[in-house]
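Atoms within a ligand are numbered from 1 in the order they appear, just like the ligands themselves.
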Amino acid sequence: MSVASAEVDAWIADRLIGGDPALDKALARNAAEGLPAIDVSAAQGKLLHVLARSIGAWRILEVGTLGGYSTIWLARALPDHGVLVTLEIDPHHAEVARANLDAAGIGDKVEIRVGPAVETLSRMETESEGPFDFVFIDADKPNNVAYLKAALALARPGALIIVDNVVREGRVTDASSIDAAILGTRALFDVVAAEPRLTATAIQTVGAKGWDGFMIAVVNDE
Ligand code: SAH
Ligand code: DHB
Ligand code: MG
């Protein structure tokens, strides 16, 4: 028997996730508005949700909103008083995300900040906006190191920091790559490996969104 990873992903989603009108509508609106279908998969979104809930996160930071698909999964993990701040450079993406978040019924927990995330994060650091319990990094890959450093500055001990797209069909291992996204992610691995404040691993993911991976790091106690 031979079965493709995308079929297995669909089978898993069918059993453990099922139909979800708010998420389905968000993806439909994204497509209608011309957004690229580079959201996390359903199984990945639910993994983010499970992890955020399991650490009792009530302040979540996301870098890279797109249409808010991952944002909905994460915001649903929050308690009533919880907050999620999500950073997006593209005003149209932010506008579509706002509509999706409001339609999903979690809009009041989410603040979307429009602008280059490196600048937004440096303002957040200056204004001591932390601490966050959970950070999901999923924006432009050349800035991965800058995002990781900002996440570390804004996160509490015990916080989780997760980075998407760290495998890219294995291309991350190519030491001769000149692709800025691969270079950014390779640099991320070097910085994390040398960072005593983090305990980290990475898992490869296959399925609906192809072969890629998540880096998963926990901030150590002081
Ligand atoms: N997390 C989303 C997908 C994000 S796609 C989900 O899974 O549903 C990456 C997003 O990062 C895009 O919307 C893109 O516009 C945004 N982005 C790219 N460069 C950025 C930057 N410099 N600052 C903030 N956002 C950026
Ligand atoms: C791309 C970005 C993503 O965050 C992703 O999950 C998939 C693809 C991209 O820019 O191609
Ligand atoms: Mg991604």
Side-chain angles (χ1 to χ4, degrees), residues 6 9 20 22-31 33-49 51-52 60-77 84-101 103-104 106 110-124 134-151 161-172 177 179-185 188 202-216:
D9 218 18
D20 189 317
L23 291 168
D24 294 347
K25 282 184 197 156
L27 293 181
R29 192 195 312 264
N30 288 356
E33 293 287 345
L35 272 53
I38 56 174
D39 343 69
V40 293
S41 70
Q44 290 166 346
K46 196 163 184 184
L47 172 63
L48 296 173
H49 172 95
L51 291 172
I60 296 177
L61 172 63
E62 178 179 65
V63 186
T65 317
L66 190 65
Y69 181 85
S70 55
T71 320
I72 294 172
W73 275 115
L74 284 168
R76 284 176 173 175
L84 189 157
V85 177
T86 184
L87 315 184
E88 174 55 54
I89 197 169
D90 185 316
H92 181 58
H93 292 182
E95 203 177 295
V96 174
R98 174 46 65 198
N100 285 332
L101 298 167
I106 43 80
V110 181
E111 191 188 329
I112 307 175
R113 298 196 189 165
V114 180
V118 169
E119 289 175 25
T120 310
L121 288 164
S122 101
R123 271 198 304 280
M124 292 176 74
F134 188 105
V135 184
F136 179 47
I137 298 172
D138 187 20
D140 52 320
K141 314 312 174 190
N143 278 320
N144 266 340
V145 167
Y147 297 149
L148 186 280
K149 287 185 172 168
I161 301 175
I162 301 197
V163 187
D164 192 23
N165 309 115
V166 299
V167 172
R168 304 316 325 241
E169 298 172 317
R171 283 185 289 121
V172 71
S177 177
D179 177 334
I182 297 295
L183 289 167
T185 299
L188 172 75
I203 57 161
Q204 301 183 68
T205 55
V206 293
K209 299 285 174 166
W211 176 24
D212 217 318
F214 276 154
M215 180 181 280
I216 304 177

Looking at the Mg ion (ligand 3), is there an N, O or S atom belonging to D39 that lies under 2.8 Å away from it? no

Using a 4.0 Å heavy-atom cut-off, which part of [X] comes near ligand 1: side chain, backbone, both, or neither?
X    : answer
H93  : side chain
Y147 : side chain
T65  : backbone
A117 : both

Side chain, backbone, both or neither: which applies to K141 and ligand 2 if a contact is any heavy-atom pair less than 4.0 Å apart? side chain

What is the nearest protein non-hydrogen atom to [atom], stated with its residue, atom name and distance?
atom                    : result
atom 15 (O) of ligand 1 : E88 OE2, 2.6 Å
atom 5 (S) of ligand 1  : I38 CD1, 3.6 Å
atom 3 (C) of ligand 2  : N165 OD1, 3.2 Å
atom 11 (O) of ligand 2 : R168 NH1, 4.0 Å
atom 20 (C) of ligand 1 : D140 OD1, 3.3 Å

Which atoms of ligand 1 sit under 4.0 Å from any heavy atom of [X]?
X    : result
V40  : 6 (C), 7 (O)
G115 : 23 (N), 24 (C)
D39  : 6 (C), 7 (O), 8 (O)

Which atom pair, heavy atoms only, marks the closest approach of E88 to G64? OE1-C, 4.1 Å

Does D140 use its side chain to pair, donor to acceptor, with the backbone of P142 at less than 3.5 Å? no

Just by distance, do the side chain of T205 and the backbone of D212 share a donor-acceptor pair under 3.5 Å? yes

The atom name of the N, O or S atom in D138 nearest to the Mg ion (ligand 3) is OD1

Is S70 close to ligand 1, meaning an N/O of one under 3.5 Å from an N/O of the other? yes

Do ligand 1 and G64 have nitrogen or oxygen atoms that lie under 3.5 Å from each other? yes

Show me which atoms of ligand 2 lie under 4.0 Å from any heavy atom of D164. 6 (O)

For G67 and ligand 1, answer yes if some heavy atom of the residue is under 4.0 Å from a ligand atom, otherwise no. no

With rounding to the nearest 0.5 Å, note down the distance linking [atom1] in [X] to [atom2] in [Y].
X    : Y    : atom1 : atom2 : value
S70  : E62  : OG    : CD    : 3.5 Å
R113 : I89  : CZ    : CD1   : 16.0 Å
T185 : D179 : OG1   : CG    : 8.5 Å
F134 : L74  : CZ    : CG    : 5.0 Å

Just to be sure I'm reading this right: ignoring hydrogens, which of D138, L74, I89 gets closest to atom 17 (N) of ligand 1? Compare them by their nearest heavy atoms. I89

What does the angle at the Mg ion (ligand 3) come to, between atom OD1 of N165 and atom OD2 of D164, rounded to 10°? 90°

Please say whether D138 places an N or O atom under 3.5 Å from an N or O atom belonging to ligand 2. yes

Output yes when the distance from some N or O of ligand 2 to some N or O of I38 is under 3.5 Å, and no in every other case. yes

Between ligand 2 and Q44, can you find any atom pair, the residue atom being a heavy atom, that is separated by under 4.0 Å? no

Between D20 and K46, does any side-chain N to carboxylate O distance fall below 4.0 Å? no

Passing candidate, side-chain contact (heavy atoms from CB on, under 4.5 Å) with D138, options V40, I38, T65: V40

Taking N100 as the fixed residue, which of E33, K25, E95, R29 is the one that meets the side-chain hydrogen bond (donor to acceptor under 3.5 Å, both in side chains) rule? R29

